[in-house]
Amino acid sequence: MEVVQVLHMNGGIDETSYASNSLIQKKVIALTKHISEEAITNLYCSTLPRSLAIADLGCSSGPNTLFLVSELIKVVDKLRQKLGHESLEYQAFLNDLPGNDFNTIFKSLPNFQKQMSYQMGPGIGPCLFSGTPGSFYGRLFPSKSLHFVHSSYSLQWLSQVPEGLDNNKGNIYMACTSPPDVLRAYYEQYQRDFSMFLKCRAEELVAGGGMGLIDEDKVNSFNIPQYTPSPSEVKTEVSKEGYFSIDHWEVSAIKWNDFDNEFNASNAFSNDGYKVAKYMRAVAESMIVSHFGDAIIDEVFLRYRKIIADHISKENCQFINVTISITKIG
């Protein structure tokens, strides 16, 4: 599987789109917003830049794409007013893989910028937005061109399916029946990828810049390129590379069924299993269709919905989130 060519969240704004099924991600961004705000406050006060370049890596599309960037701009603008400084020029770079629905993002920009101007008043400097397609496991920006990098629910995706998974029979990911060498292959791929991610960002960030960081043969040959590291594994990789110092560290949890009340409760399928299945379909459909074709997709998620509903009824299922704020060593 060529992850760069295949992986993307479902585009558009219909029922199965990522834009309509990304509330969990927004709640995590809101839950950890204080870390990002603290990081960018420290950055501004220590460097006092005349322009501020922010990159959102793995931005996807939909309401979350511009939410975090707008919140960071508001924090800095409020701070510069308090200190009596002139407004900055803001640059926001929105990055994701080439298959991402950038068109939906760009169509939403005029209305977003109008709202920002209304909320923040005429004194705010220009806010310039650019799309940057490509893998964040390689260089994306010129050296020392960024002040702040944010990435949420993106770094669990690997750059490729790990090699050596031929004996992971009957599984499409790490499972309790996976042999030890499969688990090791996933972990080693994560180490290589995260090391490259840190190296590239160290080159692109200015000194002091910061980051706020979720058919049987076909089944047997399909493996999800994802690894969710433990907090200690993240900390080990950051410390080992030596490019960044750790400023803040936090682990939080969101329940699988922690959706808002805007879903139509009268819908016969409106239960926890249905909602989680919709969320997973918005994220994973592109990979499944690439490998198996689209004829099976509805049936796959119908069965998945039933499995998830049964699982939630028996256990307290949670998404565990590791949030880390790091600063480039000068």
Whether His34 and His248 hold their rings parallel, tilted or perpendicular, with breakpoints at 30° and 60°: perpendicular
With side chains defined as the heavy atoms from C-beta onward, is the minimum distance between [X] and [Y] less than 4.5 Å?
X      : Y      : answer
Tyr243 : Ile326 : no
Val234 : Trp249 : yes
Leu68  : Ser152 : no
Ile73  : Leu88  : no
Phe129 : Ile105 : no
Asp77  : Ser87  : yes

Under-4.0 Å salt bridge between Arg139 and Glu204: yes
Under-4.0 Å salt bridge between Arg184 and Asp181: no
Donor-acceptor contact present, side-chain Asp193 to main-chain Ser159, <3.5 Å: yes
Donor-acceptor contact present, side-chain Asn95 to main-chain Gly134, <3.5 Å: yes
Point-to-point distance, once rounded to the nearest 0.5 Å, from CG of Leu146 to CG of Leu57: 8.0 Å
Rounded distance (nearest 0.5 Å) linking atom CE of Met120 with atom CD of Gln81: 7.0 Å
Partners passing side-chain hydrogen bond (donor to acceptor under 3.5 Å, both in side chains) against Glu237 (at least two apart in sequence or in another chain): Gln191, Lys240
Within 6.0 Å of NZ in Lys235, more than 12 heavy atoms from elsewhere: no
Donor + acceptor pair across side chains of Thr323, Glu250 (<3.5 Å): no
